[in-house]
Amino acid sequence: MKITQRIARIAEYFARNPWSILGAAAVLSILALWATLQLPVHTSRQALLPQDTAVAKRFNDFLKNYGAASDLMVVLEGAPRGELESFANELAARLETEPEVGQATSRLDMGFFLNHSYLLMPTETLDKLAEMASPPTLHGETMEVNLRKALSWSQDHPSLGGADTDLQTAEASLNLAAFFLEEWQRWLSSETVPAGLDWSRLLAKNAAMGMSDGYFASRDGRMLFVFVHPENPSGDFEHLGPFVEKVKQVSAALAKQTQAAGRTPPTVGLTGLPALEYEEYVNIRKDMTLVTITSASLVAALILLVVRSVRWAALIFIPMGLGVLWSLGLALFTVGHLNIITAAFIAILFGLGADYGIFTSSRIAEERRAGKPLVKAIGVGIGSSFVAVLTAGGASLLIFSVLASVDFPGFAELGVVAAVGVLMILTSTWMVQPALYALLPPKLKEIDSLAPPPASAAPGNRGGAFPRPVAMALVILAIAGAAFGGWKGFDIDFDYDVLAMLPEDSQAANYQRRMVAESDYQSEVIIFTARDMAEARRITSEAGKLKTIAQAQSLTGLFPVDADERLRKAVSIGEAFARTDYALQVEELGRAGLSSKSFELLKAVLENGAALIDEAQEQAFSAGHTHLVDSLENVREQVLAISARLAADSELGRVRSESFLRALLSGADAGLNIIDIWRQARPLMPEQLPPALRERFFAADGSIAVYAFPAKSVYDPDNLDALIKDVYNISAEATGFPTTHQAFAKAVVASFTHGTQLALALCLLWVMAATHSLRGFALAALPLLIGGGWMLGLMALNGIRYNYANIVALPLVIALAVDYGVWFSYRWSELKHRTPLQVSLAIGKAIGLAAGTSLAGLGAITLASYRGVSSLGLSITIGLLCCLTATLVVAPAIGQLLDSKRKP
């Protein structure tokens with residue numbers, strides 16, 4: 001007995017016992033609904049990564065020891081600097097009290113760093129301080145007298161080449177000079193007089209913290225960043241969501257209170273990986289809820305519109321819906337969860353699953369029109385369509401099964417869920433539809449909408465076929481276009497920027513890009529872990545020299561190799577300074593201020609200073625000290641800029657310079673107080689660090705973290721590859737988002753290439769085995785291959801790039817569109833007495849409706865705000881339209897050329 005006859009008998013049995021079958025389906029559906037409700041959704045990006053790789057293990061080990069690898073960054077801007085600082089401090093204090101927040105840091109305690117500055121400053125500076133502890137007294141000499149001495153020396157000075165100064169001391173002195181000159185320029189150019197000297201900027205060069213007065217700021221100081229660490233480091237939304245929402249809530253409440261108090265609240269934005277993942281999941285969840293409901297509604301409405309029968313629409317939609325439900329229930333026992341990719345696939349299953357019900361119900365309708373009794377028509381319709389539906393469904397099943405074998409878990413889990421979904425929809429179609437059809441048969445006048453017209457009503461052969469030259473030209477052009485498209489498809493770029501997948505108005509993506517461009521911070525940070533302080537020092541030193549690293553952040557400066565010697569010097573310097581009269585000298589200079597005569601002398605000293613620097617540059621260049629030449633040039637440019645400003649507005653320059661002098665004297669007084677504290681200096685231990693520093697840089701297992709901020713965007717593959725190469729040359733144990741992102745990108749691209757090639761090969765082999773003839777295989781496979789080639793060509797010509805979401809579009813199009821060619825091939829064999837165009841017209845409604853249901857669901861996806869999802873919908877829509885056109889227009893010409901003896 002042929003397989004079609006066996007299937008027909010089984011279908012007739014289902015049709016004769018509808019209540020038993022539907023009862024069994026109801027029980028399965030209840031169990032599937034229960035399992036679906038237990039199904040967890042893993043929303044973390046980590047859930048998409050292979051967990052058995054070295055990169056993932058290193059990252060997970062870091063999370064275990066340190067907590068979250070990336071902080072949520074609250075960005076503050078749009079208010080005066082004082083308001084920004086006040087708001088940042090208050091926000092951090094309030095967040096610290098919230099249970100969802102582990103730590104909030106608006107600034108570092110610069111007092112701690114200043115009190116321990118003897119550990120951070122160059123040893124040459126300490127030696128200079130030691131020398132200054134017993135200087136010749138300047139008591140009684142005025143500013144004017146000292147400036148006259150400086151001017152006289154600048155006009156008649158000994159040869160600079162005879163100075164006995166080593167390079168390190170010279171470099172340190174130049175850095176100090178550059179710092180004071182930059183601060184002087186800040187005093188001259190600011191709209192309002194600055195509050196004080198930014199000593200932290202000088203200190204940060206040695207501490208490698210990149211701060212402004214202890215605050216984390218953009219390079220221009222107009223943006224401040226508050227770093228917020230979650231209490232629970234999990235990336236799953238059940239923890240991430242409340243954390244981000246709490247930060248938003250506290251920030252909004254504080255902004256409202258600030259405005260009510262009559263002050264200017266800053267603009268508050270969130271970025272960093274937690275904010276990006278939060279936005280990603282919220283938008284995907286919102287889009288998928290909308291898309292699933294919309295696609296299901298559109299599919300049902302389209303079916304109802306085309307077939308014009310509620311019963312017929314139910315016969316297609318109910319088995320498909322039950323199959324989707326069963327597949328969700330089985331996901332609990334296969335992959336055990338859904339991720340953001342598999343959750344998004346449900347909308348696509350609605351369109352794919354409807355195809356099988358459309359094809360089987362249209363064949364049942366044909367048998368009923370031929371006069372067969374209802375049960376017999378159901379059996380014959382299901383039996384005669386079984387091989388075609390099995391061929392199409394089996395091809396889709398194979399394609400998704402191939403995806404299940406790739407290394408990238410995001411695609412592998414999609415393959416499992418999709419393969420089970422196809423299997424369940426096929427099972428539901430063959431089991432539930434016969435029983436449901438027997439109970440709710442559409443009226444005979446309602447079943448004509450998808451049925452082919454009788455042969456006698458069709459036009460003659462002359463009007464039902466292409467002229468042979470036209471058919472040949474059409475096929476050649478179609479294949480040539482597909483070949484061109486396939487060739488162009490190799491040139492389609494892959495967009496590695498995950499930020500580009502977020503909505504266009506994404507706050508997190510916008511601020512992340514601005515942070516990369518305007519600051520030395522970004523959330524995509526490289527993390528080194530050292531076994532001991534010696535290794536941490538090596539890593540910090542080597543990372544700081546890399547062009548691919550903007551800033552290496554560590555605490556090694558507080559634990560130098562010569563810490564004991566520095567401590568001894570600091571105590572000695574503190575005791576020596578206590579015996580000087582520097583405090584009295586500072587007080588006297590402050591009372592005197594900067595007179596007009598002193599100001600004129602100061603300008604003259606500056607003018608002569610430029611010539612002195614030129615002379616020093618020539619000697620440094622002759623000695624081959626190019627780095628020193630650059631430092632001298634920096635100081636020279638600062639001197640010239642200050643001279644120009646003083647000449648442009650002399651009185652304002654004098655007033656501002658006097659204000660700067662008083663700030664220097666105030667700083668000197670504060671410095672004397674700090675040096676006095678050094679008298680009680682003790683060895684520094686990690687447990688004495690402020691909690692914010694200790695928890696960030698030291699783990700319970702004794703390891704020490706060093707953070708390196710990339711100099712350029714990690715979403716550019718060339719930048720990323722160069723960065724990771726440099727990083728692994730420093731330490732093979734490096735981790736952080738850039739390392740996992742590179743592994744993620746490579747896994748995605750490799751899985752796509754491997755999966756697509758293998759899926760297409762298996763699909764074609766399956767169709768070849770199922771069709772049993774070269775002609776049948778050509779009619780089934782060529783529309784798919786031609787449509788796929790056109791799809792790639794259109795994507796390339798329209799500048800559509802692959803991304804992490806739409807890269808799976810091609811294998812999905814193969815799985816979704818293989819039905820069209822297979823159905824055409826089988827119906828071509830059945831409708832032997834029809835011309836090529838008559839066959840196309842006869843089955844065009846069924847294939848068109850099948851494609852329409854998929855396009856209805858995918859059309860909804862293209863409207864998603866999350867651009868990763870919408871780009872997937874757009875790419876698949878292009879592919880399905882190309883395959884549908886190839887099936888209904890090109891396939892008849894292919895059949896005509898391969899079956900020239902066919903007669904109507």
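Throughout, numbering of the chain's residues begins at 1 and tracks the sequence.
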>> Which residues pass the salt bridge (Lys or Arg N to Asp or Glu O under 4.0 Å) test with Asp669, not counting sequence neighbours?
In response: none
> Under the side chain to side chain contact (heavy atoms under 4.5 Å, CB included) test, which residues partner Ala641, sequence neighbours left out?
Replying inline: Gln185
> With sequence neighbours excluded, what pairs up with Glu542 under the salt bridge (Lys or Arg N to Asp or Glu O under 4.0 Å) test?
Replying inline: Arg538
> Taking only residues two or more places apart in sequence or in another chain, which ones pass side chain to side chain donor-acceptor pair (under 3.5 Å) with Gln688?
Replying inline: none
>> Taking salt bridge (Lys or Arg N to Asp or Glu O under 4.0 Å) as the definition, give me every residue that meets it alongside Glu575, ordered by chain and number, with sequence neighbours left out.
In response: none
> Does any non-hydrogen side-chain atom of Pro686 lie less than 4.5 Å from one of Phe559?
Replying inline: yes
> How would you list, by chain and number, every residue that makes a salt bridge (Lys or Arg N to Asp or Glu O under 4.0 Å) with Arg566, sequence neighbours excluded?
Replying inline: Asp562
>> Which residues pass the ring pair (Phe, Tyr, Trp, His ring centres under 6.0 Å) test with Tyr118, not counting sequence neighbours?
In response: Trp678
>> Tell me every residue that passes side chain to side chain contact (heavy atoms under 4.5 Å, CB included) with Ala79, counting only those two or more places apart in sequence or in another chain.
In response: Glu83, Leu84, Thr264, Pro266
> Among all residues two or more places apart in sequence or in another chain, which pass the side chain to side chain contact (heavy atoms under 4.5 Å, CB included) test with Val605?
Replying inline: Ala150, Leu151
> Can you name the residues that form a ring pair (Phe, Tyr, Trp, His ring centres under 6.0 Å) with Phe225, not counting sequence neighbours?
Replying inline: Tyr521
>> The criterion is side chain to side chain donor-acceptor pair (under 3.5 Å); which residues satisfy it with Ser657, sequence neighbours excluded?
In response: Trp184
> What pairs with Leu665 under side chain to side chain contact (heavy atoms under 4.5 Å, CB included), at least two apart in sequence or on another chain?
Replying inline: Val586, Leu589, Leu661
